[in-house]
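Structure, as structure tokens:
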Amino acid sequence: MTDPFDLTDEPLDDPAPGAAAAPAPADAPPPPWLTGLNPEQRHAVETTEGPVLVLSGAGTGKTRVLTTRVAYILHRRLTRPWRVLAVTFTNRAAREMRERLGSMIGPVSESVWLGTFHALSLKILRRHAGLAGLRDGFTILDADDQLRLLKQLMTDAGLDPKREPPKGLMGRIQRWKDRGLTPDRVPEDDVKGAAGRRAGDLYARYQARLLELNACDFGDLLLHTLGILQKHPDVAEEYQTRFDYILVDEYQDTNVAQYLWLRLLAARHKNLCCVGDDDQSIYSWRGAEVGNILRFETDYPGAAVIRLERNYRSAPPILGAASALIRHNADRLGKDLIAAGATADDPDAPPVKVRGLWDGEAEARWVVEEIEALGHEGLPAAGTAILVRATFQMREFEDRLMACGVPYQVIGGPRFYERLEIRDALAYLRLVAQPDDDLAFERIVNTPKRSLGEASLQIVQKHARAEGKPLLNAARDLSDGDDLKARAKKALAAFVADVDRWRALVGGLPPAELCATILEESGYAAMWKADKSPDAPGRVENLEELVGAVAEFESLDAFLEHIALVMETESKGAAAGVTLMTLHGAKGLEFDVVFLPGWEEDIFPHRRALEEGGQASLEEERRLAYVGLTRARKRAFVSFAANRRIYNNWQASLPSRFVDELPDDFVEKASDTGLYGAVTAGFAEEPGGWGTRHARRSLNGNGNGGGGGGTRLSPGTGSWKARDRSGEGTDIAVGQRVFHQKFGYGRVLSNDGGKLAVDFEKAGRKTVVAGFVEAA
DNA sequence: GACGGGCCGTTTTTT
DNA sequence: ACGGCCCGTC
């Protein structure tokens with residue numbers, strides 16, 4: 001396969017500038033990909049000159065506009081492919097764009113500069129590493145390495161990691177980088193109040209240390225590139241001249257650094273086309289600035305602003321519900337989605353179903369029942385997603401799906417290249433490819449154990465520092481001398497010899513074979529094969545998979561370059577079952593059926609979001625809800641539970657305010673338990689009374705589970721307009737005949753604090769919550 | 001260098 | 001409640 005980040009490397013100095021600029025004949029028939037566009041889309045595609053902002057609502061065909069625009073520019077011969085820059089946020093989006101472009105215009109699409117901000121930055125940075133204080137072959141640290149490094153610096157600075165959590169400072173540094181701030185530019189106020197007022201100093205040290213290691217982190221890819229463009233007008237001009245057309249996807253997600261990066265690159269031609277949707281901005285917490293989209297017209301006077309409001313994705317009720325919800329946000333440019341295309345006219349499109357359930361378990365049960373029912377209606381699990389606010393919510397659904405034998409996949413778990421064994425293996429490869437990679441050396445010099453403990457390593461490090469040599473060279477020196485004990489000396493000599501030998505094989509052996517050889521000869525693979533722990537076999541498999549992944553590259557360097565930026569394996573095969581993922585992860589995707597569980601105050605909107613960010617965060621949470629709803633093509637289901645166990649505490653929960661904000665017209669609200677009903681219109685106007693909405697009442701401190709029916713919920717709270725179900729469930733006796741809405745009649749076998757074991761006449765033996773049954 | 005007890009944190013996450 | 005991480009002990 002080809003590496004999607006191996007952007008075809010045309011010489012920067014265009015061999016024949018403008019040579020191919022002969023326009024296509026005016027009478028040539030329009031290419032097929034141009035004719036299927038609606039007028040707004042077409043306008044967005046054909047407005048090639050000058051700044052353009054495309055406000056593209058969910059499901060309005062933004063990717064199509066972007067790809068078609070590139071195709072159109074090239075078709076009209078307005079420039080050549082390698083003079084077009086198309087930027088995305090994720091590898092997934094870049095891959096998708098490249099594929100679609102390829103299907104429109106064929107292999108010339110390969111030459112377009114298309115990639116993520118980071119991949120494109122890296123491409124530029126590799127050319128000018130020296131200008132950023134880096135040397136050729138610099139490495140890119142992953143999150144783990146970054147943190148380790150910072151921790152070390154903080155400890156050296158005498159900070160107590162308990163009092164000053166490295167993670168906190170790391171986050172702060174990243175936010176600075178998001179804003180394009182180098183250590184010398186961080187505002188005074190910002191520096192105080194963190195890491196014992198030494199945050200700025202530590203940031204500077206961190207950056208210095210990275211340069212010493214000839215490394216950079218992800219943020220640096222942008223920051224260094226930005227710095228080069230700012231400080232070296234000659235270099236900047238080269239790129240400014242080169243990129244005749246620039247296109248940006250998901251513009252609402254750009255941070256300040258990316259904004260500046262774009263502004264610099266577009267400074268000359270100003271043919272900058274940004275596509276985005278302020279209503280889908282959900283990443284402010286990692287530095288995204290919706291402001292970028294809001295100020296586009298100011299920054300680029302005379303910019304064309306084109307709105308795409310025809311939604312081709314979602315059934316009208318789903319669209320209606322989503323639109324009504326997002327209208328509660330004050331801070332937006334304002335767009336209204338209109339149902340269009342095949343979905344628009346279906347008079348039978350079912351409403352969004354909103355359901356209140358007793359607890360999380362009941363909710364999971366309900367979701368999976370619905371999924372099974374939909375399967376019979378011709379909507380299989382493969383087109384269905386369950387989108388949760390936070391990962392901890394996934395477990396209940398996994399349990400239930402597994403119990404019911406419904407296939408599913410969790411998206412967004414720990415990633416392949418972040419696993420310990422993979423990171424170790426990569427360190428071997430890095431060290432072989434790049435002998436001055438000290439971090440790699442440190443990581444694996446004693447893995448597997450080679451009796452090279454802390455003490456020996458200290459000596460190597462001291463020597464390396466004194467001589468200004470990489471650790472591997474220092475080790476080579478010391479493997480012959482008196483500084484180390486004989487045992488360590490021997491081990492070190494063997495290790496260095498191994499690395500040297502592997503290094504000699506680079507280029508001679510196919511990279512996959514080289515990789516396999518290294519894992520064998522180093523004893524690393526053997527280490528896991530000998531390991532008795534339960535996860536060891538999995539790790540061995542992962543190592544084999546790694547070798548397989550390397551096989552797809554032509555050289556070791558190409559592979560390492562690739563994985564530095566693409567920290568995931570290509571998703572294998574089509575999704576077979578229900579997709580379980582976070583709302584954040586779902587952006588940009590679509591499904592026939594979407595379940596949105598956990599719509600409860602404190603979970604969604606998440607309490608911490610509100611605590612930290614107030615109104616602005618509430619609106620972001622609401623956008624997240626909007627993103628969730630608009631993922632659905634045919635059916636959408638929203639649910640909430642009245643009781644939820646959090647850290648093993650049962651807590652009463654209130655339906656999310658977002659539930660109230662869904663319009664009655666497109667929504668069918670119901671509840672198995674009579675819990676719903678919840679929320680009165682106008683609760684917000686009632687001073688005091690609904691203040692409890694944000695307070696979390698402990699449901700029962702004595703820990704006897706969620707049983708006991710609705711007794712604890714109803715009295716005095718006013719939360720539930722439902723029938724008073726006080727006492728229900730508590731008085732269910734063993735042996736009693738009961739009725740359950742789903743399972744019908746049955747006899748109670750046992751009552752464990754409200755969890756009933758019931759032998760149902762039709763459905764068989766089930767465990768149900770007392771609140772679900774009534775005496776029969 | 002391996003085990004184990006105590007302590008902390010427990011929204012979202014790409015590159 | 002639980003898991004991960006750090007540090008201490010053997």
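Note that the coordinates shown come from a computational prediction; the quantities given were computed from them, not determined experimentally. By convention in this document, chain letters (A, B, ...) are assigned in the order of the sequence lines, proteins followed by strands, and residues within each chain are numbered from 1. Side chains are part of it too, since the values below use all heavy atoms of this structure and drop only hydrogens, waters and symmetry mates.
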Any donor-acceptor pair under 3.5 Å between the side chain of A:Arg608 and the base of B:dT11?
no
Quick one: label [X] by what it contacts on the DNA or RNA (base, sugar-phosphate, nothing), any heavy atom closer than 4.0 Å.
X        : result
A:Lys177 : nothing
A:Glu612 : base
A:Thr391 : sugar-phosphate
A:Asn446 : sugar-phosphate

Less than 6.0 angstrom separating the ring centers of [X] and [Y], yes or no?
X        : Y        : value
A:Phe658 : A:His328 : no
A:Phe89  : A:His118 : no
A:Trp261 : A:Tyr259 : no

For [X] and [N], what is the distance between atoms [atom1] and [atom2] respectively, to the nearest whole Å?
X        : N      : atom1 : atom2 : value
A:Arg607 : B:dT11 : CZ    : P     : 10 Å
A:Asn255 : B:dT15 : CG    : P     : 14 Å
A:Glu396 : C:dA1  : CD    : P     : 17 Å
A:Leu120 : B:dT14 : CG    : C1'   : 15 Å
A:Arg644 : B:dT10 : CZ    : C1'   : 15 Å
A:Asp144 : C:dG4  : CG    : P     : 14 Å
A:Ile282 : B:dT14 : CD1   : P     : 11 Å

Centroid distance below 5.5 Å plus an interplanar angle below 30 degrees: do A:Phe89 and B:dT15 meet both conditions?
no
Would you please determine if the base of B:dT12 is stacked by A:His584, with stacking meaning a centroid separation under 5.5 angstrom and planes under 30 degrees?
no
Test item: side-chain donor near acceptor, A:Glu289 and A:Asn255, under 3.5 Å
no
Parallel, tilted or perpendicular: which describes the rings of A:Phe553 and A:Phe559, with under 30° parallel and over 60° perpendicular?
perpendicular
